[in-house]
Structures are given as structure tokens and as C-alpha cells.
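What you see is a predicted model; the values in this text were computed from it and never measured.
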Number of protein chains: 2
Amino acid sequence: MPEKENLTYLPNPEATELLPQLTLDCTVLGFHQDQLRVLLLRWKGTQEWSLPGGPVRQTESVDEAAYRILKERTGLDQIYLQQFEVFGEVIRYNLSEIKNKLEHLIDPALWYNRAVSIGYYALVEYSKVNPAPDLYTDECQWWEIKDLPALLFDHNKIIEAALKALRRQLNWQPVGINLLPEKFTMPELQRLYEAILNRPLDPRNFHRKILSLNILERLTERRKGGAFKSPYLYRFNKEKYEAALEEGNLSFI
Amino acid sequence: MPEKENLTYLPNPEATELLPQLTLDCTVLGFHQDQLRVLLLRWKGTQEWSLPGGPVRQTESVDEAAYRILKERTGLDQIYLQQFEVFGEVIRYNLSEIKNKLEHLIDPALWYNRAVSIGYYALVEYSKVNPAPDLYTDECQWWEIKDLPALLFDHNKIIEAALKALRRQLNWQPVGINLLPEKFTMPELQRLYEAILNRPLDPRNFHRKILSLNILERLTERRKGGAFKSPYLYRFNKEKYEAALEEGNLSFI
DNA sequence: TTTCAATACGTCAAAATAACACAATAATAT
DNA sequence: ATATTATTGTGTTATTTTGACGTATTGAAA
């Protein structure tokens, strides 16, 4: 009994403001003190953390919903967003456990038995983010990616998948313009790549490789104040960076 | 006004059998006569074509729904499936046009104003597929990817996106075990890669590159009957192929 | 002034790649 | 039979890229 796209079955859910049984979850990644960090929310009256996210309104696209949610949690417009996976299992996590843990906030009868979640990752400049909790949470905080607690829902799994997708992206598209400040040093960029790939890189080879992409401009300025030799400051050439994003660097053969 | 995952808003749509306002679309790709082909359905009493797809049942995961739909349209179990993008625009296509074109099949009042679609591509062995139309269509047929008609919904766009995703995959994962028969020749594999990448490859360099992946086994057998020199037959080493799929071949640096 | 480790720049052998030459083959034409 | 022909299989070469290092420079701190 094949069913077709857009075909309505009663009762009509479009009477509601939100797309039913569909949510999105955002893995917001920032880089600070040589560490990749993710933005998490702590639910009121609990020590339970989870990713920012929520349902999609009937009047907005899924991408727009992600932007809206991120704007609310970070204060930022113009975030780099990437949809990477749909989490569509019938049973994604222990729902009754969730109901119990949050029953002081949400009537257990109000939860869907099932929701499909669209996974996004966002790359943001750590220092520009103004973490803001929402109605159900009273803390919005950065966590080191290497030192996460057990999260609510299947959010540990989602973060793992986001990192995997980001690592994949790194191999054919540049990464960095969204995670670093305007000006940065080569060692800072290297440590970002090391944090994402989770392995050390040879500074000399990294330097050569990243310059060969032709997306960086070296300034005459240097970063003062650190111990030892002052490194040059660089910035991304926006046009060339965008072009590299567009083209990608794919060549099986 | 942040809203949380799984939180129900009345009326409860879970009373229905299907996830509301959510569908999936499958770009089923096969390879025949040096051409990449896609499986399309023609709607009854029309010359209108579209991709196989449909809604997700409450009792199945999104992936399971895709497998079910593909089983129905191709007769195949164990299809290689890849979720590649969510199409979540509020207005994805001209709905009233669709309503008009299909009103002899579906009451225009029954269409959702909006549905989010999860895009999959499937790689199948052309000769093993038994194309079968569904309740609303009376033809299920292969079309050359290079010579597609204007499709219903946003399905031309979805196919384009599927091809882009497949080309991307080609650069870090092997492709072929799902699209070719058990035994195949090197030129056949090359023409598959050429069809996907849409550009000619040097046979000598292709030969060297693909063998370096260590996923192929050359048989003593040769393909007889063609004009000119008989090419060797190869088959994929399943274990090594799976391992290559798992690992991927990614190395920015 | 010396120390020290991070930074900047460079070297070299090995591996991978792109471009191309050429021999072997097997049905077809002669 | 023999020659023809386009495809297939193998090899060569120059160039580029990569991986693994060496070393000089820098500038705060000792």
C-alpha cells in the first residue's frame, strides 16, 4: 500500500504551529585554549545536559529553524551550519527515563513517543558567543569535547556523528574561517586542525600544506606578548576561501 | 519560546499510522550500457514521472522505511542505501500544480501543504532489479541520468544533489560492489567511474589507482566474445572492500 | 648576556600522479 | 591464412606531493 508525498491522513496536523514528531539538534562547536568545545544546556533543577535544538515551525524551513535556535542560544546571526545526518530510529533513547528526569518541567503525557531528529553541526567563533539558556534550562555552557558528561537523549551519539562529519569535511573543504577570529597565527590554525583530527601534525608540513591551498594571507603584523618567537598573523582571503568551499578538493583520480 | 524534543502539541498525530509531514525520496541508481540510470515512476493516466518514495510508518525507522519502499519497487533486499540530504524548505515546489496534475488520482484536499523529505540514494545492480510500479503509478522504468524529463515535485533537484553526494563519496570510499555484477572487467569498472564522475579517465592510471586500493581480485577467467583483446575478470574482495568502506581514504595531511 | 622552546624556513628521499609509449590480443576483413 | 584494427594490459618518465627531518631565528625569562 504505497503512500505518496504530501498526502494528508487525518487528523490534519498542520493545524498546529509546529511540524509534529520532527526536531533538530545542533552540535555547536567552538575552539578555545587549544580545545574543541561544544555548547550544552543544563535542564532546570537537574544536572542533566543536552544539545540545543527543538521543533520546526510550519512557517520556517528546517535550516531557518536551526538558524533561529542558534541565534537564541548564541546571539549570533550568520552561523556556519551543516546538516549532516538524520536520526530516525523508532527508539532512539530511553524515553521513560527522560520523562522521569524532567517531569518537574514537562508533563510526561506531553512527550511524543517518537521524534525524528535532523542533526546539524555549527562552527562558531568562541569569543563571539553569548551562551543563553532557554525556558527549560538555566545554564548554557561550553564543554570540552574530550570531557563530556553523559547527555540526555541520544546526544552523545549525535555529537560523535557530528565530529565524524566534520573530520570528513576537513579533507576536501577548508575549515577555520568560522572557528577562528579574524586574525590568527599558523600555530593556532594548526592546533585547531589537531583538535578536530585528534592527532598531532608536523608544523612544517602543515604550514606547507595549508599555504598551498592559497586561501591564507600573511600580515606584516605579528602576535606579540607570548614567550619565544612572535608568530606572524594570518587571515583568510574570503573570496578564495569561498571558492575553495565551493569547488572542494576532491580527486580520486 | 524554546520548545523541546519529543514534546507533543495537540492534536496528537501519533494516533495515525504514519509520521505526518515527513516523507523520503530515493534516487535509485543503476549502471547499464555504460550509462548511469535512475529508477522513475510514471503516474497513472499521465506522462508525469517522479522518484520512488513515501511516508514513514510509526513502527519503522526512517532507514527501514527506505528499505521497505525499495524492496517494493525493485524486489531487492540488502540494498546499499545512503542518506544524503534533508529537503526542508517550506515551499519546495508548486503544490497547486501537483494537485491539478494528479487530481484524478488523489483528492487535492488530502495533500499536506508542506512535507519535509529525507533524501536517499541507493546503488543497485541493474540486472537484478525488477521494476514494479505502485498503487498510483503504472510504470516503473530506468532513465538515463543524462536524459531526464522534468519531474514532479523537486525531484530533479534531489537527483542532482544525490549525484553530487555520490561523487563526493567516490573520493574516499570505494564504489562499485553494489552497482556491478559479481564479476566484471577493469574497463567496465572504469566506465562506471567515468559515468559517475562524468569525465573520461586514463585507463592506465585508473588501473594502477584502483588496484592500489587492494580491494580487487583478478580471476584467471577472461571475458570472451567481445571484439579485440579479452579483458580479465575481477571481483571485489568483500572483506577488504568493507574495510575500505569503514576506514575511508581521507588524508588532508 | 645567556638560555630556551616555539616559530620560520629549508632539505631530501620516497611515494603518488599525470601524461604518454608500446606490446598483446582476438574478432573481423581481406 | 593473413592482415587489420581497436581494445586491453603493462611499462616509462617527468613532475608533483608527501613524510620525515635539520637548522636558523626570535624574544621573553633566567
Side-chain angles (χ1 to χ4, degrees), chain A residues 33-35 170-174 176 180 183-195 197-235 244 247-253, chain B residues 33-34 170-174 176 180-181 183-195 197-235 244 247-253:
Chain A
Q33 289 179 339
D34 297 353
Q35 298 293 325
L170 199 60
N171 287 279
W172 64 283
Q173 283 183 322
L180 292 174
K183 299 174 182 179
F184 53 88
T185 68
M186 192 58 79
E188 283 162 5
L189 182 58
Q190 180 184 333
R191 285 192 285 270
L192 170 61
Y193 271 69
E194 289 177 330
L197 293 173
N198 197 28
R199 61 183 167 89
L201 300 174
D202 181 284
R204 296 153 291 190
N205 293 340
F206 178 79
H207 183 268
R208 182 181 50 192
K209 177 69 176 182
I210 204 83
L211 283 185
S212 76
L213 300 182
N214 257 313
I215 53 175
L216 287 180
E217 287 170 1
R218 196 176 82 173
L219 309 177
T220 47
E221 233 177 315
R222 285 156 174 263
R223 164 96 66 227
K224 303 285 184 184
F228 315 123
K229 186 171 182 175
S230 303
Y232 282 105
L233 286 172
Y234 289 81
R235 70 169 162 230
E247 284 181 47
N249 183 18
L250 289 175
S251 61
F252 167 74
I253 196 170
Chain B
Q33 289 179 338
D34 296 352
L170 199 59
N171 286 279
W172 65 284
Q173 283 183 322
L180 292 174
K183 299 174 183 180
F184 52 89
T185 68
M186 193 58 80
E188 283 162 5
L189 182 58
Q190 181 184 334
R191 285 193 286 271
L192 169 61
Y193 270 70
E194 289 177 330
L197 294 172
N198 197 29
R199 61 183 168 89
L201 300 174
D202 182 284
R204 296 153 291 190
N205 292 340
F206 178 79
H207 182 269
R208 173 160 41 86
K209 177 69 175 182
I210 204 83
L211 283 185
S212 77
L213 300 182
N214 257 314
I215 53 174
L216 286 180
E217 286 170 359
R218 195 174 83 172
L219 310 178
T220 47
E221 234 178 315
R222 286 157 174 261
R223 164 95 67 229
K224 303 285 184 183
F228 316 124
K229 184 170 183 175
S230 302
Y232 282 103
L233 286 172
Y234 288 82
R235 70 170 161 229
E247 284 183 47
N249 182 17
L250 288 175
S251 63
F252 167 74
I253 196 170

Sequence neighbours left out, what passes salt bridge (Lys or Arg N to Asp or Glu O under 4.0 Å) with [X]? Give chain and number order.
{"X": "B:R218", "result": "none"}
{"X": "B:E217", "result": "B:R235"}
{"X": "A:K229", "result": "none"}
{"X": "B:R223", "result": "B:E188"}

Please enumerate all residues that pass side-chain hydrogen bond (donor to acceptor under 3.5 Å, both in side chains) together with B:D202, with sequence neighbours excluded.
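B:D202 satisfies side-chain hydrogen bond (donor to acceptor under 3.5 Å, both in side chains) with B:R204 once adjacent residues are dropped.
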Results of side-chain hydrogen bond (donor to acceptor under 3.5 Å, both in side chains) for A:K209 - residues two or more places apart only:
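With sequence neighbours excluded, A:K209 shows a side-chain hydrogen bond (donor to acceptor under 3.5 Å, both in side chains) to no residue whatsoever.
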Taking any atom closer than 4.0 angstrom to a non-hydrogen atom of chain B, what span of DNA chain D does the protein reach, first nucleotide to last?
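The contact span of chain B on DNA chain D goes from D:dT5 to D:dG11.
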Give the minimum heavy-atom separation between B:R199 and A:I253, together with the two atoms involved.
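Heavy atoms only, the tightest pair is NH2-O, 2.8 Å.
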Sub-3.5 Å pairs of nitrogen or oxygen atoms, protein against nucleotides 2-7 of chain C:
residue, atom, partner, partner atom, Å
C:dT7, O2, A:K229, NZ, 3.4

For DNA chain D, what residues of residues 205-221 of chain A have any heavy atom nearer than 4.0 Å?
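Output list: A:N205, A:R208, A:K209.
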Report the residues that fulfil side-chain contact (heavy atoms from CB on, under 4.5 Å) with A:P174, sequence neighbours left out, ordered by chain and then residue number.
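Expected list: A:I215, A:Y241, A:A244, A:L245.
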With sequence neighbours excluded, residues passing side-chain contact (heavy atoms from CB on, under 4.5 Å) with B:E194:
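In terms of side-chain contact (heavy atoms from CB on, under 4.5 Å), with neighbours along the sequence ignored, B:E194 is linked to B:Q190, B:R191, B:P200, B:L201.
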With sequence neighbours left out, which residue pairs that include part of residues 203-235 of chain A fulfil the ring pair (Phe, Tyr, Trp, His ring centres under 6.0 Å) condition?
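The answer is A:Y193-A:F206.
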Tell me: CD of A:Q190 to P of C:dC9, nearest whole Å?
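The answer, rounded to whole Å, is 15 Å.
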Atom-to-atom span, CZ of B:R204 to C1' of C:dA18 - whole angstrom:
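Distance, rounded to whole Å: 10 Å.
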